[in-house]
Amino acid sequence: MPDTASLSPSVFFDGPLGHLFEMGGPVMMVLAVIAVTGFATFIYLTLCGALYAPRLTGGLKKTVKLWQSSPADVAPAQVRKQAGTRGRMNPLLHLVADTIEAFQGGKDPSQIRETAARDAQHALEPFEAPLKIIEVIAALAPLLGLLGTVMGMMEAFSAMAATEGRANASQLSGGIYEALTTTAAGLVIAIPFAALAAWIEFRLRRIHKVMNSTLVTVFSGFDRRDNTGADVVAEPGESSATESEDGREPEGFQLPAKQRFAHAAG
C-alpha cells in the first residue's frame with residue numbers, strides 16, 4: 001500500500017514549482033490563477049469557433065449563386081434541411097436563409113437590412129466576451145508581475161534596513177532575484193496571450209468580412225430582380241441594398257460603430 005502522506009497535495013509544491021511560488025508569494029498565485037483562466041477561455045473559444053463560427057461552406061455558396069441566377073428555385077426550408085446537423089449550427093446559413101425567406105415573403109427591404117445587420121452582430125457576440133478576457137489577461141499579467149517585484153524589493157530593502165546596513169551583497173542580490181521572479185512570470189503569461197488576442201481579433205475580422213460580403217451578394221440578387229421587373233418585391237421608390245459603384249458595402253450590413261475588436265495592447 002502506498003503511503004497516504006506521499007500522495008498529499010503538498011508533494012506537488014515541494015519541487016521547482018513550490019520554490020517558484022515561494023519566491024513569488026501571493027502575486028505568483030494570482031498569476032497562476034489568471035493563466036489557468038486564460039487557457040480555459042482559449043479552449044472554450046476554440047471549441048465554440050469550431051462548432052458555431054459563421055462560415056461560408058460550399059453548399060451555402062451554391063445557394064447564393066442559385067439565388068442570383070434563379071431566385072424562384074431557392075427554397076430556404078430545403079436549404080436548412082440539406083445542411084445536416086452540423087450545418088445547421090452555422091449562423092451564416094440561417095442568416096442567408098432568413099434573408100432570402102424575407103425577400104420571398106415580400107417584407108420591406110429596409111427592415112430586412114436592419115434584421116440582417118442585427119443577426120450578424122448577434123452571431124459574433126459569443127466570441128466577444130472570451131476575446132475580452134484574453135485581452136485583459138494579456139494587459140494585467142505584466143502589471144501584476146511588476147507589483148510582485150515592487151513588493152519583493154520593498155521586503156528586501158526592509159530586511160537590509162533592519163540589519164542596519166550589515167547585509168552583504170549576496171543577501172541583497174538574492175532578495176532582488178526573488179523579487180524579479182514575478183515580473184518574469186507576468187511577461188511569460190502576457191506574451192502568448194497578447195499573440196492569441198491578436199490572432200483571434202484577426203479571425204473575427206475575417207468572419208465579419210465574409211458575412212458582409214455574403215449578405216451583399218444576397219441583396220444584389222434581389223436588386224437585379226427588381227431592376228429587370230421579374231418577381232418584384234419592393235414597392236416603387238424604396239431604397240435597395242446594392243453595392244455602390246465605389247465598392248462600399250451597403251449601410252445595412254455594417255455592424256454598429258460600437259462593435260470593435262480591440263487589440264490587446266490597444
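One is the number of the first residue; the rest follow in order along the sequence.
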| Exercise: do Asn90 and His94 side chains pair donor with acceptor under 3.5 Å |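 There is no such pair between these side chains.
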| request: Locate the shortest heavy-atom distance separating Ala53 from Ile207; write the atom from each residue and the value. | output: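 Minimum heavy-atom separation between Ala53 and Ile207: CB-CD1, 4.3 Å.
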| task | Grab the two heavy atoms, one from Gln104 and one from Pro71, that are nearest each other, plus how far apart they are. | result |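 Of all heavy-atom pairs spanning Gln104 and Pro71, the closest is NE2-O, 3.5 Å.
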| said: Other residues, nucleotides and ligands only: do more than 12 of their heavy atoms fall within 6.0 Å of CE on Met89? | reply: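 Yes, CE of Met89 has more than 12 neighbouring heavy atoms, counting only those of other groups under 6.0 Å.
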Quick one: pull up [atom1] in [X] and [atom2] in [Y] and give me the separation to the nearest 0.5 Å.
X: Ile137; Y: Ile189; atom1: CD1; atom2: CD1; answer: 8.5 Å
X: Leu187; Y: Leu31; atom1: CG; atom2: CG; answer: 10.0 Å
X: Arg206; Y: Lys209; atom1: CZ; atom2: NZ; answer: 8.5 Å
X: Leu66; Y: Lys62; atom1: CG; atom2: NZ; answer: 11.0 Å

| Does Asp98 pair with Arg80 as a salt bridge, N-O distance under 4.0 Å? |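 Result for this pair is yes, salt bridge flagged.
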| query | Does a salt bridge link Glu114 with Arg118, judged by any charged N lying under 4.0 Å from a carboxylate O? | reply |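 A salt bridge is absent here (no side-chain N lies under 4.0 Å from a carboxylate O).
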| task | Begin with the C-alpha distance, continue with both residues' side-chain angles, and end with the deciding distance and a verdict on side-chain contact (heavy atoms from CB on, under 4.5 Å) for Gln78 and Gln82. | result | CA-CA 6 Å; Gln78 188 68 18; Gln82 293 177 349; 3.2 Å; yes
Per-pair distances, 0.1 Å, donor-acceptor, side chain in residues 32-43, under 3.5 Å, sequence neighbours excluded:
| from | atom 1 | to | atom 2 | distance (Å) |
| --- | --- | --- | --- | --- |
| Thr37 | OG1 | Val33 | O | 2.9 |
| Thr41 | OG1 | Thr37 | O | 2.8 |

| message | Show, in sequence, the C-alpha distance, side-chain angles and deciding distance for Arg55 and Val210, and conclude whether the side-chain contact (heavy atoms from CB on, under 4.5 Å) test is met. | response | CA-CA 8 Å; Arg55 56 193 180 276; Val210 168; over 6 Å; no
| message | Any non-hydrogen side-chain atom of Leu131 less than 4.5 Å from a side-chain atom of Leu204? | response |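 A side-chain contact exists here, since the closest heavy-atom pair is under 4.5 Å.
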| Trp67 vs Phe103 aromatic rings, parallel, tilted or perpendicular, using cut-offs 30° and 60°? |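 Parallel: the ring planes of Trp67 and Phe103 meet at under 30°.
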| request: Under the salt bridge (Lys or Arg N to Asp or Glu O under 4.0 Å) rule, what do Lys132 and Glu128 come out as? Steps first, then yes or no, please. | output: CA-CA 6 Å; Lys132 181 58 64 177; Glu128 294 176 10; over 6 Å; no
